[in-house]
S.K.: 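Let me begin by handing over the structure; questions about it come next.
Order of the sequence lines fixes the chain letters, A, B, ..., with proteins taken first and strands second; residue numbering starts at 1 for each chain. These numbers come from the heavy atoms of this one structure, side chains and all, not from hydrogens, waters or symmetry mates.
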Amino acid sequence: MTILQVENLSTYYKTDRGEAQAVENVSFSMKKGEMLGLIGESGCGKTTVAQSILRLIEYPGRIVSGKAYLDGIDLLTAKQDELEKLRWKDISVIPQSAMNALNPIYTIGDQIVESILIHEDVSKATAIKRTEELLEMVGIKKNRFKNYPHEFSGGMKQRVAIAMALSCNPKLIISDESTTGLDVLTQAQIIALIKQLQKDLGLSIILISHDLPMVTSVCDRVAIMYAGKIVELANTQDILKHCSHPYSNGLLNATPDLSNPDKEVVSIPGSVPDLVKPPTGCRFYDRCKARMNVCKEESPDLKEIRPDHFSACFLEGGGYYHVQ
Amino acid sequence: MIFYILKRITTALLALFVIATLTFVLMNLIPGDPFTNEKSVPEQVLKNLRAHYGLDQPLIIQYFKYMAGIMTLDFGPSITSDTRTVNELILSGFPVSAVLGIQALVIAVVFGMTLGIIAAIKHNGWLDYISMVIAILGLSVPSFVLSTVLINYFAIKLEWLPVATWGTWRHTVLPSLALAVGPLAYIARLTRSSILEVLSSDYVQTAVAKGVTGSRLIFRHILRNALIPVVTVLGPISAGILTGSFVIEQIFGIPGIGKYFVQSISDRDYPVILGTTIFYSAILILFILIIDLTYGFLDPRIKLARRR
């Protein structure tokens, strides 16, 4: 069953030089109980996609077009009061940098209880009880209910943020770079916790990250973004074994492999195009090793090259120069 | 907590001692003495006057005598108004200045914060621009100009309120307003920028994502965080306002203590200079202590009593 269906989403940011096309024509869908990785380098539009779905884009940004159906309701055209009811109840966030995402002057318990009481018609005692259960579930002793955010370490705050995201049993959770800023060990613990919860509770999660090995180790499917567009979308095994898009190839080649220490790590030369005046053709044209004449003229659409494997490249069949 | 307050009071007394000493030294470094201006007075009379106030003794003796006096809260006689003591000047003038000051402070805080909140919430809207124009006018128009405009309009043209002097509550309205406008503008600007900063913070975005809206968002998630810088400036502002303003008390003919701060220095009225300085410092230190105690309630990250 499809839980989220995003169609032709475009979000632009106003700048002094014109509008930057931060997200352009992004479409994807995800099934209930699925973990979808959204990956790409900084500034490629991952977080903008997430904020657009939640409709948290504020001036100077604006959602230009598109639809985002969550369980049949279009979040992008929902009325404001309808949206406020949906937020957190149906779609919640494990925020980027949980360090600052918790209000410093209220106890963590209070903040989780607040999110329950806003959306559900339950007594405060019930909300407190559920909050304690949630805290235990993410590995925090319930006697820390009355502690303030500054009394927790970064990893613990991230666990609190996860408990808060789970508080209303949402249909969809967006984890936006949730492990950025934590040390690698804590990162691994947090990701393992998210994966465990996803399995146990059957959660649908969009995992936004720039960490390719981490995403491929936990996600069912992966969407790779470049300069505001999704360039490849497939299940994890297909991405790893039959990677098609030259940019995805570049990413894979730029990642060291522990099991194969002889692998040469190659970076992708060049830099991301100017999103205020994006190229008319493929946005990866300037950096692409496999570019053709057509790539300069036309922008490739995301098309299904194999069952359930989408790629936005004019190269037929993909796999053109996979890990040579 | 009580231990903390006691510790703070001890440091405050130490600070006051240093302030008194510094003021004593600086004051005696100013050329001339209280009787320099009285040219027609014969030499012998001047000598007697100096002897009467103890000014003929070595400075160090004067200093110890003075310090001994303030230990018993005796600030000595006022030299210019030879029948009154400094204690009497402060006790009669301060209540007047304080009444005026409290009213002005209430006006400044209530309206300043309201303007700031409105401006921040309607950021870049016309309400924001109007609020900030009022704030900039309030900061840039000198209080003597404002006082004269207020008197001319409300007292002379409209005859709603008395022109000057001290008496009924009606007498306090115009000077309170004139005194309030500067701090009001300052508080408005500070509140606005502080709220704007909190608005862009991650935890406010989390709150919005959680579906928190309206007054709950503003008061619970934004305002309490934004208040800390505003509370910080309230200490010095309160101390300044409560001890009166030379300009406003002169214009409205109000018998407060504001004028002594300025006049005592040009008169070289040594006991009054020291008395008013110590008094002002004591009030300032008291308010800063109150503000520090308030932090503890506003922000759980600030713990006052550090246990060892």
S.K.: What option among A/Lys89, A/Glu58, A/Glu114 has the most heavy-atom pairs under 4.5 Å with chain B?
M.R.: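 Most heavy-atom pairs within the cutoff with chain B belong to A/Glu114.
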S.K.: Given that the side chain runs from C-beta out, which part of B/Val212 has a heavy atom under 4.5 Å from chain A: side chain, backbone, both or neither?
M.R.: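 Both parts, backbone and side chain.
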S.K.: Heavy-atom count around B/Glu197 CD within 6.0 Å, excluding the residue itself: above 12?
M.R.: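 Counting neighbours around CD of B/Glu197, 12 or fewer heavy atoms of other residues, nucleotides or ligands fall under 6.0 Å, so no.
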S.K.: Return yes if a side-chain donor-acceptor contact under 3.5 Å exists between A/Gln111 and B/His221, otherwise no.
M.R.: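 Judged by distance alone, the side chains do not pair up.
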S.K.: Do you know which of A/Ser167, A/Pro104, A/Ser115 has the most heavy-atom pairs with chain B at a distance under 4.5 angstrom?
M.R.: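 Ranked by heavy-atom pairs under 4.5 Å with chain B, first place is A/Pro104.
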S.K.: Quick check on the interface: out of B/Asp299, B/Leu298, B/Val208, who has the most heavy-atom pairs with chain A under 4.5 Å?
M.R.: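 Result: the option with the highest number of such pairs is B/Val208.
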S.K.: If you look at every heavy atom in B/Arg224 and A/Tyr106, which pair is closest and at what distance?
M.R.: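 That would be NH1-CE2, 3.6 Å.
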S.K.: Which region of A/Asn147, side chain (C-beta onward) or backbone (N, CA, C, O), has a non-hydrogen atom less than 4.5 Å from a non-hydrogen atom of chain B, or is it both or neither?
M.R.: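 Neither; nothing under 4.5 Å.
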S.K.: Rounded to the nearest 0.5 Å, how far does NZ of B/Lys210 lie from CZ of A/Arg87?
M.R.: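 One finds 13.5 Å between CZ of A/Arg87 and NZ of B/Lys210.
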S.K.: Look at atom CZ of B/Phe111 and say whether more than 12 heavy atoms of other residues, nucleotides or ligands are closer to it than 6.0 Å.
M.R.: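 For B/Phe111, atom CZ is not crowded (no more than 12 foreign heavy atoms under 6.0 Å).
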S.K.: Taking atom CZ as the centre, does A/Arg55 end up with more than 12 heavy-atom neighbours from other residues, nucleotides or ligands that are less than 6.0 angstrom away?
M.R.: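 For A/Arg55, atom CZ is crowded (more than 12 foreign heavy atoms under 6.0 Å).
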S.K.: To the nearest 0.5 Å, tell me how far A/Asn100 CG sits from B/Gln205 CD.
M.R.: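 Rounded to the nearest 0.5 Å, the CG-CD separation comes to 12.0 Å.
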S.K.: Using a cut-off of under 4.5 Å on heavy-atom pairs, state which of A/Gln51, A/His150, A/Glu84 scores highest against chain B.
M.R.: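 Of A/Gln51, A/His150, A/Glu84, A/His150 has the most heavy-atom pairs under 4.5 Å with chain B.
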S.K.: Pick one of side chain, backbone, both or neither for B/Ser201, based on which atoms fall under 4.5 Å of a heavy atom in chain A.
M.R.: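 Interface part for B/Ser201: neither.
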S.K.: Calculate, to the nearest 0.5 Å, the distance between atoms CD1 and OH belonging to A/Ile105 and B/Tyr203 respectively.
M.R.: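 Nearest 0.5 Å value for the CD1-OH distance: 7.0 Å.
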S.K.: So does B/Leu6 have more than 12 non-hydrogen atoms from other groups sitting under 6.0 Å from CG?
M.R.: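 Enclosed: over 12 neighbouring heavy atoms sit under 6.0 Å from CG of B/Leu6.
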S.K.: For the atom pair CG (A/Leu56) and OG1 (B/Thr206), what is the distance rounded to the nearest 0.5 Å?
M.R.: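 One gets 9.5 Å once the value is rounded to the nearest 0.5 Å.
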S.K.: Between atom CD1 of A/Ile118 and atom CZ of B/Arg216, what is the distance when rounded to the nearest 0.5 Å?
M.R.: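 Reported value, rounded in 0.5 Å steps: 5.0 Å.
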S.K.: Got more than 12 heavy atoms from elsewhere within 6.0 Å of OH, B/Tyr186?
M.R.: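 No, not enclosed.
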